[in-house]
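Heads up: numbering here begins at 1 and tracks the sequence. Below, each value reflects all heavy atoms present in this structure, side chains not excepted, and no hydrogens, waters or symmetry copies.
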Amino acid sequence: MKKLVRALIAIIVVALCAGLGYAALRVREIHVVGTINRDPQEVRDLSLIQTGESIFTLNKKTVEENINKSPYFIVESIKVTGLNAVTITIKERVPIGVVGFGSYDLIIDEQGTVLQSTNHGMMDVSSLLKVDGVYVVSFGLGQQLSSSKPEQLDTLKALLEGIKEYGFEENVKGVNVASQTDVRLTTAEGINVKLGTTVQLERKLKWIEAAMPELRSRYSSDQLNGSSLDVTTADSAIFALKE
């Protein structure tokens, strides 16, 4: 009889502890890791996690799906940290270029993923690289551009990834990938640069970077605008003033 009573008491204690734990383990804080330009609150709002919600009823898959509806975010992990906090780690897609498609301006990241579309002229895109030479046939937010010439997208991706990796964004205002063997970019000064292919891209970008201080010291902004620089061999930089 005593054993039965002790067993019943133990069950009651466990049930009470579980109940108290269920009531205590509620979301009080939502931490966001990985944002670069976007407001972390945007991730919290998209997650639809409510403060006061029980940790036990938190559906991580649903939270991930909610956040991934934004083309700017990719959820990497969702973890319960401590007793009352949830930490959401995301990768943020960052705009780097703008592609024209009919009456639209398509804002893309270095992967060619479309982050935003806007009617031409309705948004200031002057801080982004102007992308020419891509024959876009369709697009979807959060998806890579669709082109009638997929090889152009491969070239564009390699070029944009290289420009971003080597921190060259501020030195470039436009790129043209109409031809895989005659890739071109336009510097911030308006110099037309012949890259040839994207092979040895880092070396070619370094040639441009090394040449620019000398060119700026020798020539005026007006003289540089429209001039050309040839780095196709990756072994030299050949400059020619506009005629």
Please check if the side chain of Glu92 supplies one atom and the backbone of Ile36 the other of a donor-acceptor pair under 3.5 Å. yes

Are the side chain of Ser220 and the backbone of Gln223 linked by a donor-acceptor contact shorter than 3.5 Å? yes

Here the gap from Ile191 atom CD1 to Tyr219 atom OH, rounded to the nearest 0.5 Å, amounts to 10.0 Å

My understanding is that only residues two or more places apart in sequence, or in another chain, count here; which of them pass side-chain contact (heavy atoms from CB on, under 4.5 Å) with Phe168? Ile163, Asn171, Val172, Leu205, Ile208, Glu209

So, Gln152 side chain and Gly133 main chain: donor-acceptor pair closer than 3.5 Å or not? yes

Consider only side-chain N and O atoms of Glu189 and Thr187, and report whether a donor and an acceptor are under 3.5 Å apart. yes

Provide the full list of side-chain hydrogen bond (donor to acceptor under 3.5 Å, both in side chains) pairs with a residue in residues 118-134, sequence neighbours left out, each pair given once. Asp105-His120, Asp124-Ser126, Lys130-Asp132

What are the two closest non-hydrogen atoms of Gly196 and Thr232, and how far apart are they? N-CG2, 3.5 Å

Sub-3.5 Å donor-acceptor pair from the side chain of Thr186 to the main-chain atoms of Asn192, do we have one? no

I need the single residue from Leu224, Asp230, Val231 that forms a side chain to side chain contact (heavy atoms under 4.5 Å, CB included) with Phe239. Which is it? Leu224

Minimum heavy-atom distance Ala158-Thr198, with the two atoms named: CB-OG1, 4.1 Å

Taking the six-membered ring of Tyr72, is the NZ or CZ of Arg38 close enough (under 6.0 Å from the centre) and on axis enough (within 45°)? yes

Measure the CG-OG distance between Asp222 and Ser227 for me, rounded to the nearest 0.5 Å. 9.0 Å

Working to the nearest 0.5 angstrom, can you tell me the gap between Leu141 CG and Leu115 CG? 8.5 Å

If I take atom CD from residue Glu110 and atom CD from residue Glu161, how far apart are they, to the nearest 0.5 angstrom? 6.0 Å

Which heavy-atom pair separates Pro40 from Thr35 by the least distance, and what is that distance? CG-OG1, 3.6 Å

Using 4.0 Å as the upper bound for N to carboxylate O, is an ion pair formed by Glu64 and Lys60? no

Which pair of non-hydrogen atoms, one from Arg28 and one from Gly52, has the smallest distance, and what is that distance? NH1-CA, 3.7 Å

Under a 3.5 Å distance rule, please check whether Lys242 uses its side chain to pair with a backbone N or O of Asn225 as donor and acceptor. yes

Can you tell me if Asp109 uses its side chain to pair, donor with acceptor, with the backbone of Gly112 under 3.5 Å? yes

Glu214 (side chain) donor-acceptor with Ala211 (main chain) under 3.5 angstrom: no

Can you list everything that forms a side-chain contact (heavy atoms from CB on, under 4.5 Å) with Ala85? Sequence neighbours excluded, please. Glu29, His31, Thr81

State which residues pass salt bridge (Lys or Arg N to Asp or Glu O under 4.0 Å) with Lys79; sequence neighbours excluded, sorted by chain then number. none

Only counting residues at least two apart or in another chain, list the ones meeting side-chain contact (heavy atoms from CB on, under 4.5 Å) with Arg203. Gln200, Trp207, Ala234, Asp235

When you measure from the side chain of Glu53 to the backbone N and O of Arg26, does any donor-acceptor pair fall under 3.5 Å? no

If I compare all heavy atoms of Val131 with all of Gly97, which pair ends up nearest, and what's the gap? CG2-CA, 4.5 Å

Between the side chain of Arg93 and the main-chain N/O of Pro71, is any donor-acceptor distance below 3.5 Å? yes

Among all residues two or more places apart in sequence or in another chain, which pass the side-chain hydrogen bond (donor to acceptor under 3.5 Å, both in side chains) test with Asp45? Gln41

Evaluate the side chain to side chain contact (heavy atoms under 4.5 Å, CB included) criterion for residues Leu160 and Leu129: first the C-alpha distance (whole Å), next the side-chain angles of each, then the deciding distance (0.1 Å), finally the verdict. CA-CA 9 Å; Leu160 294 182; Leu129 309 185; 3.9 Å; yes

